[in-house]
Amino acid sequence: MKRAMLLILLMLCVCLCGCRGPDAPSSPADEKKRIVVGFSQVGAESDWRAANTLSMQRALCAENGYRLILDDAQQKQEKQITALRNFVNQGVDYIVLAPTTEQGWETVLQEVKAAGIPVIIVDRMIEVSDTSLFTCWIGSDFRREGDTAAAWLDRQFGSRPLSIVHLQGNIGSSAQIGRTEGLNAALESHPAWQVVFREAGDFIQAKGQELVEEVLKKGIAFDVIYAENDNMAYGAAEALKKAGLAPGKDVTIVSFDASSTALHMILEGEISYDVECNPLHGPRVRAIIEQLEKGETPPKYTFVEETAFERSGLKEETIRVRGY
Ligand code: GYE
């Protein structure tokens, strides 16, 4: 009898312990200990964005002690403002905001501040007169990215006449503003260069393709496509091919992000130059939260280090190691 009791007890123990694998649902007590982060993401418009979302999900996961509430704003600022208000109502510990555009954040951030929730801005910047409305920002130097692309064009074409098709990102986003400013500055110093077509493709592949199709239909002649992100460059290349033109030979494509598909297109000679924009902000945001948890003050602004790619020197291995 005693033996049977012992056996049952032992089996119960094994079951209780064994059932709790790493993926087992956590207990309410575990849930309570987790840091809750509300992440308002711009959308899912590009490869960059997908890599960015994944990076955040991986870094701020349950195993690392977080509960991430992700909100996809479908590139609409109103949706982000609603998401922020929802995060306040839910009483999250931190808010991470990847803002669509720079303007229009004062009111909602005042509400968040009144609720005492720290705000970490990632990727694009915001423009507010009171910088105490956010704790810190981490992202890319978009103006430097634009200057880097323009400097490459200068090395390739110098003072020769150049007709440029300029595909812009979402108007009013830091990525668009900086990359456009870089090109504009180069236009000033290169009187023989001209933009023959300029329109926003909102960082979306289908729109990039449509715009280049429109240019071709109008019979506008051009030498260079300056696409403010890779997805628009993919669409542009597609439009050229459909028209019987060879991207990289008949038209030079310059792009931004350096996603793995774009780097493969460089190896194939279709994209000529790609300025890196690093999307892996998850671990960086996690490090910032850890600092804040310890009562430390992270730097207000952190620019991530970035490079640029062209065919010479680019290896398959480099693309594999980067992993996005
Ligand atoms: O370049 C683009 C994305 O803000 C850096 O947004 C980001 C930009 C990126 O949609 O692909």
Side-chain angles (χ1 to χ4, degrees), residues 39-56 70-77 79-80 96-105 120-127 137-150 166-183 199-209 211 225-237 253-263 265-266 271 273-282 284-285 301-309 322 324:
F39 174 36
S40 172
Q41 175 62 294
V42 168
E45 72 283 4
S46 63
D47 290 7
W48 189 99
R49 195 61 59 194
N52 178 247
T53 300
L54 194 65
S55 169
M56 292 288 289
L70 173 69
D71 186 278
D72 176 336
Q74 296 163 330
Q75 288 185 295
K76 293 194 176 67
Q77 186 180 36
K79 284 193 191 264
Q80 293 204 285
V96 179
L97 170 64
T100 44
T101 45
E102 293 189 350
Q103 307 289 334
W105 297 104
I120 300 161
I121 313 279
V122 289
D123 169 23
R124 304 170 184 172
M125 288 232 187
I126 59 167
E127 198 156 314
W137 169 89
I138 183 150
S140 307
D141 186 340
F142 300 110
R143 174 61 201 268
R144 191 202 49 76
E145 289 178 359
D147 289 340
T148 304
H166 180 188
L167 307 178
Q168 294 178 290
N170 288 89
I171 302 299
S173 67
S174 310
Q176 176 272 316
I177 295 170
R179 293 166 188 172
T180 294
E181 277 175 0
L183 178 60
E199 221 170 287
D202 297 339
F203 296 120
I204 294 170
Q205 180 163 343
K207 288 199 185 175
Q209 180 167 342
L211 291 178
I225 295 175
Y226 183 95
E228 286 184 2
N229 87 334
D230 282 343
N231 290 78
M232 291 193 295
Y234 308 158
I253 302 180
V254 172
S255 182
F256 297 85
D257 286 351
S259 304
S260 61
T261 303
L263 294 185
M265 284 169 77
I266 290 187
I271 292 178
Y273 192 66
D274 209 312
V275 181
E276 181 188 37
C277 184
N278 191 302
L280 306 182
H281 294 318
R284 301 177 183 125
V285 169
Y301 300 93
T302 307
F303 290 95
V304 300
E305 256 187 57
E306 290 166 337
T307 177
F309 297 93
R322 287 172 84 248
Y324 59 88

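As the structure lists them, so they are numbered: ligands from 1, and atoms in each ligand from 1.
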Q: Would you find a donor on one side and an acceptor on the other, under 3.5 Å apart, between the side chain of D123 and the backbone of A98?
A: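 Pair absent, no side-chain N/O of D123 close to backbone of A98.
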
Q: Does the pair D257 and R322 meet the rule for a salt bridge (charged side-chain N to carboxylate O under 4.0 Å, His left out), with working shown?
A: CA-CA 12 Å; D257 286 351; R322 287 172 84 248; over 6 Å; no

Q: Measure across H281 and N52 and return the closest heavy-atom pair with its distance rounded to 0.1 Å.
A: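 Heavy-atom minimum between the residues: CD2-ND2, 3.6 Å.
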
Q: In terms of atom number and element, which parts of ligand 1 are under 4.0 angstrom from non-hydrogen atoms of E45?
A: 3 (C), 6 (O), 10 (O)

Q: Considering all heavy atoms of both residues, which atom of E228 and which atom of R179 are nearest to each other, and what is their separation?
A: O-NH1, 2.6 Å

Q: Check ligand 1 against A175 and write out every atom of the ligand that is under 4.0 Å from a heavy-atom position of the residue.
A: 4 (O)

Q: Measure E145 to ligand 1 on non-hydrogen atoms and call it side chain, backbone, both or neither using the 4.0 Å cut-off.
A: neither

Q: By number and element, which atoms of ligand 1 are closer than 4.0 Å to a non-hydrogen atom of S46?
A: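 By the 4.0 Å cutoff, the relevant atoms are 2 (C), 3 (C), 10 (O), 11 (O).
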
Q: Where the closest heavy atom to atom 7 (C) of ligand 1 is concerned, which of D123, N231, N229, V275 has it?
A: D123

Q: Is ligand 1 less than 4.0 angstrom away from at least one heavy atom of R179?
A: yes

Q: Give me the nearest non-hydrogen protein atom to atom 11 (O) of ligand 1 as residue plus atom name, then the distance to 0.1 Å.
A: D257 OD2, 2.6 Å

Q: Which ligand 1 atoms, with their elements, are less than 4.0 angstrom from a heavy-atom of F142?
A: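 That gives atoms 5 (C) of ligand 1.
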
Q: Hey, which atoms in ligand 1 end up nearer than 4.0 Å to a heavy atom of C277?
A: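 Near C277, the atoms of ligand 1 are 5 (C).
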
Q: Testing the basics here: between A258 and E276, what is the closest heavy-atom pair and its distance to 0.1 Å?
A: CB-CA, 3.8 Å

Q: Given that the side chain starts at C-beta and the backbone is N, CA, C, O, which of these parts of F256 lies under 4.0 Å from ligand 1, counting heavy atoms, or is it both or neither?
A: neither

Q: To which protein heavy atom is atom 6 (O) of ligand 1 closest, and what is the distance rounded to 0.1 Å?
A: R124 NH2, 2.9 Å

Q: Check the orientation of Y301 and W137. Use parallel for under 30°, tilted for 30 to 60°, and perpendicular for over 60°.
A: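 Because their plane-to-plane angle lies in the 30° to 60° range, the rings of Y301 and W137 count as tilted.
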
Q: Is it true that a side-chain atom of S55 and a backbone atom of A51 form a donor plus acceptor pair closer than 3.5 Å?
A: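 Not at all, since once roles are kept as given, no pair shorter than 3.5 Å links the two residues.
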
Q: Measure the spacing between CZ of R49 and CG of D72 and express it to the nearest 0.5 Å.
A: 9.5 Å

Q: Taking 4.0 angstrom as the limit and counting only heavy atoms of W48, give me the atoms of ligand 1 inside it, by number and element.
A: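 Atoms satisfying the 4.0 Å criterion: 5 (C), 9 (C), 11 (O).
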
